[in-house]
Amino acid sequence: MTNDDLINQTLGQYHIQSLLGRGGMATVYLARQQSMDRDVAIKVMASELADDDEFVARFEHEAQLIARLQHPHILPVIDFGRADKRIYIVMRLVRGGSLDDRLKNGPLPSNLASRMLDQIASALSFAHAEGIIHRDLKPNNVLLDERNNPYLTDFGIAKMLAGTSKLTATGKILGTPSYMAPEQWRGDPVDARTDIYSLGVMLYEMVLGSLPFSGETPYTLMYKHFNDPPPPPRTIDPNLPPLIEGVILKALHKDPDDRYSSADLMAEDFANAVRGQPTTVSLSATEVPDGLDKTVIGEESPPAADNMMTFRPDTPPGGVGTPAPQPTRAAATKAGDATAPTAPPAKSGLNPVVIGGAVLGVIAVIVVAALLLLGGGDDKKVAEVPSDTPTATATHTLEPTH
């Protein structure tokens, strides 16, 4: 009997009523739990897995761990067992479909995406704290209720399947290629940051309605996840705030050390980005939205606490004491050649005009001294020095120091 023949059959105390979904190694049904008189979802693993003793042992171990994950946004595991060479796991029934179904209608509003991300991240961080890595995070493993509240499911299924001889022989990939982190493709050890990468791919899709990478074969996707930077979200949606783009791209770093250290931190940053508030992601000055304090982002130094002034020979519009307006970095980039060198900031100290005036004054003194020596101290010679000889005075204005 194949899994397709299970409708109207009974596994243990569960009477199978209809098909809910099918994956590569499991089929999900709507079933009636007769002892509790309630509907449940039952996932039945592929029948050939029942003959793999290694898989059966791993399934029982992981199912016990998953059953202990009690969190408001983790789909509860009610039961698991084996009947007629069928291995199954029983979960709470959620009737709102999956996040994958929802995203077929397009991207989510930013506020809804933020709320869902916060709930998913909370569940993920809880599991990570319990030492459990999901390994196959994707929208199809996020179920929704009627109020768009998400519930993570299929924790540990990928780990249950890892090393199964039947899968190894057929060359099946354990995971979903579009959401797999580079270290998964390499077969490196995985940790919480591996799930963060998958969550970043999901967030990209939630915000933009498309995946960062696509390809006709798993190996095409593998090379893209290895080598290609994800298309910047603002190239797809120019109206997307730079802070939101920064959060998504940080989660999708190739190097796990450059990603978020926790799902909760990622969700918090995204929520702040949606509100236009500072995040932990560094942005260049041209990417910082108007009105946001750049000193929080860490790109600009705060203004000097005092009001020290330096001298300038030219008088700016507004009169003496009014600083000349300086263009912003972004405005300067737009107005001029971006490759042109910028002028160095004015330095404190004597102004060249002041120095020039002093030099002329010294020359005048030397001339007077020479005339005195030639005239033997005659006062009349002194009076013959031209009255328009430059002096060492200069007109100065005030400008804030840099």
> Whether the Tyr179 and Glu205 side chains hold a donor-acceptor pair (N or O, under 3.5 Å, no angle test) is what I'd like checked.
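Result is yes, a qualifying pair exists.
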> Donor-acceptor check, side chain of Lys254 to backbone of His225, threshold 3.5 angstrom: yes or no?
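A pair under 3.5 Å: yes.
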> If you round to the nearest 0.5 Å, how far is CG of Leu243 from OG1 of Thr280?
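Rounded to the nearest 0.5 Å, the OG1-CG separation comes out at 10.5 Å.
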> Check whether Arg82 reaches the backbone of Ala50 with its side chain - one donor and one acceptor, N or O, closer than 3.5 Å.
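Judged by distance alone, yes, a pair lies under 3.5 Å.
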> Just verifying a value: how many Å separate Leu208 CG and Leu203 CG, rounded to the nearest 0.5 Å?
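The CG atom of Leu208 sits 8.5 Å away from the CG atom of Leu203.
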> Could you point out which residue of Asp100, Asp101, Asn105, Leu99 forms a side-chain contact (heavy atoms from CB on, under 4.5 Å) with Leu103?
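The residue from Asp100, Asp101, Asn105, Leu99 that satisfies side-chain contact (heavy atoms from CB on, under 4.5 Å) with Leu103 turns out to be Leu99.
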> Would a distance-only check, ignoring hydrogens and angles, find a side-chain to backbone donor-acceptor pair under 3.5 Å from Arg259 to His253?
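Confirmed, Arg259 side chain pairs with His253 backbone.
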> Closer than 4.0 angstrom, basic N to acidic O: yes or no for Asp191 and Arg193?
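Yes.
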> Give a yes-or-no answer on whether the side chains of Thr194 and Glu183 include a donor-acceptor pair shorter than 3.5 Å.
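Looking only at side-chain atoms, Glu183 and Thr194 do form a donor-acceptor pair, the distance falling under 3.5 Å.
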> Can you measure from CG (Leu137) to OG1 (Thr153) and round to the nearest 0.5 angstrom?
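Result: 11.5 Å between the selected atoms.
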> Would Arg95 and Asp39 pass as an ion pair if we require N to O under 4.0 Å?
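Looking at Asp39 together with Arg95, the answer is yes, because their closest N to O distance falls below 4.0 Å.
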> When you check the gap from the basic side-chain N to the acidic O, do Arg58 and Glu54 get nearer than 4.0 Å?
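Looking at Glu54 together with Arg58, the answer is yes, because their closest N to O distance falls below 4.0 Å.
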> Distance check, rounded to the nearest 0.5 Å: Ser98 atom OG versus Leu20 atom CG?
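Atom-to-atom, Ser98:OG and Leu20:CG are 11.5 Å apart.
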> Looking only at the side chains, is there a donor atom on one of Ser122 and His71 sitting less than 3.5 Å from an acceptor on the other?
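Yes.
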